[in-house]
Amino acid sequence: MNDVVICLLNPAGVAGLDRAAQGLAGAGRRLAEKLGSQLQAIVLSPQGPSPAALAQEIARVVDKVIVVDQGEYQPEVALSALAEVCSQVFPAAVLLGNDTYSQEVTPRLAYRLGGAAVGDVVEIMVHEQALRVSRQVYGGKAQATIELKRTPAVLWTRSRSFAPANRLSEPGDITELSLDVPLDTRTRIIERKRESQSEQRLEEARVIVSGGRGIGGPEPFNDELKPLAELLGAQLAASRAACDAGWVPPTLQVGQTGKKVTPDLYLAIAITGASQHMAGISEAKNIAAINTDPDAPIFKHCRFGIVEDYRKVVPLLRQKLIALQNS
Amino acid sequence: MNIIVCIKQILDPEIPAREFRVSSARREAERGNANLVTNIFCENALETALQFREALGDTKITVLSFGPASAEDSLRKALAMKADAAALVINDTISNPDPLTVAQVLATAIRKLGSFDLVMVGREAGDWGAGQTAGLLAEELGMPCVSFVDRIEPMNGGLRMKRQTDSGWEVLEAQTPLVVSITNDEHNVPRIPKVRDVLMSYRQPMTQWTLADLRYEIADDTYYEVVDLSIPQKESRCEFVTGDTLDERVESLARRITEVTSAL
C-alpha cells in the first residue's frame with residue numbers, strides 16, 4: 001500500500017513535539033501499520049529559532065521527514081507546495097491537525113490530488129481496502145461514519161484525541177526539499193496577531209476552566225475564573241453566550257462554532273450545556289460542572305459536579321485547592 | 001462590485017437533543033417537528049455582504065442556494081434582508097449530496113449567473129458541518145480562497161479582510177475574484193428583516209433552475225459516502241459531591257479535581 005503522510009504546517013520551531021503533532025504521528029503510524037506502509041512527515045515552513053531540532057524530533061516517530069521551507073507562510077503558496085510534494089509521494093492518506101491553516105488547506109489539497117477530504121476526524125478505520133472515518137455531525141448530536149471513495153484521503157483530525165506514536169529505535173531520514181513554486185500574490189497575510197492568554201493553544205490544554213452565561217459579566221471571568229485557572233495550570237475558555245456578550249475574546253469560545261477541545265479535565269462553570277457547546281467538548285476525558293440547576297444538561301455528561309452558585313463555590317474552591325497543594 | 005452569497009437551508013440546529021432522531025436507513029436526521037432555517041454562518045455571510053454594500057455602494061448582492069424546493073424560504077428571507085437578487089438550484093435528484101457535488105453545482109450556477117468579484121459562503125453548516133464548500137468552490141472556479149473571515153472592506157483594487165485564527169487574528173489583502181468563508185463575530189450578527197420587506201420579498205422575482213437546466217451531470221466516481229449515522233449514547237452518571245455543609249462539599253470537589261489533575 002502507499003504511504004501515509006502527516007503534514008505540519010508552519011509549526012513553531014522549538015524542541016519537543018506538541019500534543020497535536022504527537023497525536024497526528026500516532027494516528028498516522030497506526031494507519032500505516034494497518035495498510036502495511038510507511039509513515040512520512042511533511043514539515044512546511046517551520047518558524048522560530050530551531051527548525052532543525054523540530055525535524056529531528058519528528059524523525060523519532062516517522063520513517064521519513066521532508067522539510068520544505070517556503071519562507072513566511074502564505075496560504076496559496078503553501079497549498080501549491082503541499083500539493084507538489086504530496087503528488088511526488090503519491091500517498092494513500094494525508095493527515096493534518098486542527099489548526100487554522102490545516103483546516104483551510106484540507107479540501108483544496110484533496111481536490112488538487114484528485115482525492116477526497118473529511119474534517120474534524122476522531123477515528124480512522126480500514127474497511128475492506130477502503131478508508132473510513134468517523135466524525136460528529138448535527139452539532140454533536142450524531143456521529144457519522146464516512147467512507148472515502150477517492151485516493152488520497154485528506155483528513156484534518158482532532159489530533160490531540162489520538163494516542164501519541166511510539167518512538168522508533170532508529171530515527172527516520174530527514175530531507176530538505178526546495179521547491180520552485182511560483183509566487184502567488186493574489187492573497188497575502190499582512191499581519192498576524194496573537195490574542196490568547198498564553199503560548200499554549202486551547203486545543204492543546206490538558207485542563208480547561210470554562211465559564212458560561214451564568215457568570216454574568218467580564219469581571220468575574222477576570223477576578224474569579226482566571227485565578228482558579230492559574231491555580232490549576234489550566235487554560236480559560238468560555239461558551240458562545242459569554243463570548244457573544246463580549247465578556248471574553250471570541251478566541252476563547254468552545255463549542256460547535258468555536259474550538260473543539262480535548263482536555264483531561266473540563267471544568268464547566270455556570271454553563272448549561274446546550275448541544276452546541278457539548279459539540280466542542282465531546283472528546284474531553286473528564287467533565288465537571290458547577291451549576292445552580294440540577295437539571296442542567298451539562299450534568300448528564302459530567303464525571304462529577306456540584307449544584308451551587310459558582311460565586312459561593314469558586315473562592316472557597318481556590319482556598320481548598322491551595323490547602324491541598326500545600327499539604 | 002458583484003457579490004454572490006451562497007446560503008444553505010438546514011434543519012433547525014437548536015432542536016433539543018432529546019427530540020433529535022436519525023434515520024439510519026436514509027442516513028439523515030428525521031425532520032420531525034423541527035423548523036427549517038437558514039444556516040447561521042450563511043446569514044453571517046449575507047450580513048457581511050450587506051455591510052460591505054453599505055460601505056462601498058454600487059454593489060449587487062445575489063444569493064444562491066442549492067437545495068430542496070423549500071430552500072426558497074431561505075432565499076426569500078435573504079431578499080427581505082435586502083439582497084438584490086436570488087437564484088435557487090432545485091435538488092430533485094441527489095439525496096444528501098457530498099461536498100464536491102455541492103461545490104460543482106454551485107460553481108456551474110455561479111458561471112451561469114454571469115460575472116462576479118466575490119463569492120461568500122458560511123464557514124460550515126449546522127447539519128453536516130463538512131466545512132468544505134469554500135475550498136472546493138475556489139478550486140472549481142480556479143480562484144484563491146480565504147477562510148474564517150469576519151470582516152471585509154474595499155481597498156485600492158482589491159479587498160482587505162480580517163480572519164480568526166487559533167490564537168488570534170490575521171489581516172489579509174486579496175485581489176478579486178475571490179472566494180471567502182465567513183465566520184461569526186459581534187459585527188456580523190444577521191439583521192432582522194422588516195415585516196414590510198418580508199411581504200415585499202414574495203413579490204420579487206427568483207431565478208429557479210433544475211440540475212437539468214444547468215446540464216449538471218452526476219459524476220460516476222463519488223467523493224465520499226456516509227455509511228452510518230447514529231446517535232452516540234455517551235451520557236455518564238454525574239457524581240454530585242456530598243457533605244453536610246458547603247465547606248465540606250467544596251472540599252470534596254477540590255479533592256476530586258486534584259485527583260484528576262494530579263494523575264496527569
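Naming: A, B, ... by sequence-line order, numbering from 1 per chain. Here the structure is a predicted model, which means the values were calculated and not measured.
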Segment of A/A288 engaging chain B (4.5 angstrom heavy-atom cut-off): neither
So which part of A/I306 gets closer than 4.5 Å to some heavy atom of chain B, the side chain, the backbone, both or neither? both
Short N-O contact, B/E173 and A/R188, less than 4.0 angstrom: no
Could you tell me which of B/D98, B/T165, B/L159, B/T242 has the largest number of non-hydrogen atom pairs under 4.5 Å with chain A? B/T165
Return the CD1 to OH distance between A/I146 and B/Y224, rounded to the nearest 0.5 Å. 4.5 Å
Just give me the residue among A/R240, A/K312, A/R192 that pairs up with chain B most often, heavy atom to heavy atom, under 4.5 Å. A/R192
Go through A/E76, A/E203, A/H127, A/K141 and name the one with the most non-hydrogen pairs under 4.5 angstrom from chain B. A/K141
Expected output: side-chain A/Q276 to main-chain A/G139 donor-acceptor under 3.5 Å: no
Taking side chain as everything from C-beta outward and backbone as N, CA, C, O, which of these in A/A130 sits under 4.5 Å from a heavy atom of chain B? Side chain, backbone, both or neither. neither
Most contact-rich option vs chain A, by heavy-atom pairs under 4.5 angstrom, among B/D150, B/T176, B/I257, is B/I257
Just by distance, no angles: are the side chains of A/K149 and B/T222 close enough, under 3.5 Å, to form a donor-acceptor pair? no
Please determine, among A/R135, A/R150, A/E308, A/R112, the option with the most heavy-atom pairs under 4.5 Å with chain B. A/R150
Would you check if there is a donor-acceptor pair between the side chains of A/T251 and B/Q164 at a distance under 3.5 Å? no
Counting only non-hydrogen atoms closer than 4.5 Å, does A/V118 touch chain B with its backbone (N, CA, C, O), its side chain (CB onward), both, or neither? both
Point-to-point distance, once rounded to the nearest 0.5 Å, from SG of B/C6 to CG of B/N39: 12.0 Å
Pair count under 4.5 Å, heavy atoms only, with chain A: among B/R255, B/R160, B/R27, highest is B/R255
Under 3.5 Å, side chain of B/R31 to main-chain N/O of B/A34, donor-acceptor pair present? yes
Cut-off 4.5 Å, heavy atoms of chain B, and the answer for A/L109 is neither
Most contacts with chain A, counted as non-hydrogen pairs under 4.5 angstrom, among B/I15, B/L100, B/I40, B/D221: B/D221
Non-hydrogen atoms of chain B under 4.5 Å away: do they reach the side chain of A/K259, the backbone, both or neither? side chain
Picking from A/Q74, A/Q319, A/R132, which has the most non-hydrogen pairs under 4.5 angstrom with chain B? A/R132
With distance as the sole test, does A/T100 use its side chain to make a donor-acceptor pair with the main-chain N or O of B/D166 at under 3.5 Å? yes
If only side-chain N and O atoms count, and only distance matters, is there a donor-acceptor pair under 3.5 Å linking B/Y223 with B/Q104? no
Show me the side-chain donor-acceptor pairs of residues 179-186 of chain B shorter than 3.5 Å, one per line, residues at least two apart or across chains.
from, atom 1, to, atom 2, distance (Å)
B/S181, OG, B/F148, N, 3.0
B/T183, OG1, B/R123, NH1, 3.2
B/D185, OD2, B/H187, N, 3.0
B/D185, OD2, B/H187, ND1, 2.6

Side chain, backbone, both or neither of B/V22 within contact of chain A (heavy atoms, under 4.5 Å): side chain
Using a 4.5 angstrom heavy-atom cutoff, name the option from A/R318, A/R303, A/Q325 with the most pairs to chain B. A/R303
If you count heavy-atom pairs under 4.5 Å between each of B/S252, B/C238, B/A174 and chain A, which one has the most? B/C238
Parallel, tilted or perpendicular: ring planes of A/H277 versus A/Y266, cut at 30 and 60 degrees: tilted
With sequence neighbours excluded, tell me which residues meet salt bridge (charged side-chain N to carboxylate O under 4.0 Å, His left out) with A/K193. none
Does B/E170 form a salt bridge (charged side-chain N to carboxylate O under 4.0 Å, His left out) with B/R163? I'd like the steps, not just the answer. CA-CA 5 Å; B/E170 291 177 348; B/R163 69 138 154 208; 3.0 Å; yes
To the nearest 0.5 Å, how far apart are CD1 in B/I94 and CD1 in B/I218? 4.0 Å
Which portion of A/S134 sits near chain B, non-hydrogen atoms under 4.5 angstrom: neither
Using only atom types and a distance under 3.5 Å, with no angle test, would you say the side chain of B/D12 pairs donor to acceptor with the backbone of B/E14? yes
Is A/L267 in contact with chain B via its backbone, its side chain, both, or neither, using a 4.5 Å heavy-atom distance? side chain
With chain A as the partner chain, list the residues of residues 133-147 of chain B whose heavy atoms fall under 4.5 Å from it, by residue number, and write 'none' if nothing qualifies. B/G135, B/L136, B/A138, B/E139, B/E140, B/G142, B/M143, B/P144, B/C145, B/V146, B/S147
Could you tell me which of A/R108, A/E104, A/K320 has the largest number of non-hydrogen atom pairs under 4.5 Å with chain B? A/R108
Atom group of A/N286 that falls short of 4.5 Å from chain B, counting heavy atoms: side chain
Just jot down the ring pair (Phe, Tyr, Trp, His ring centres under 6.0 Å) partners of A/Y138, sequence neighbours excluded, or say none. B/F20, B/W128
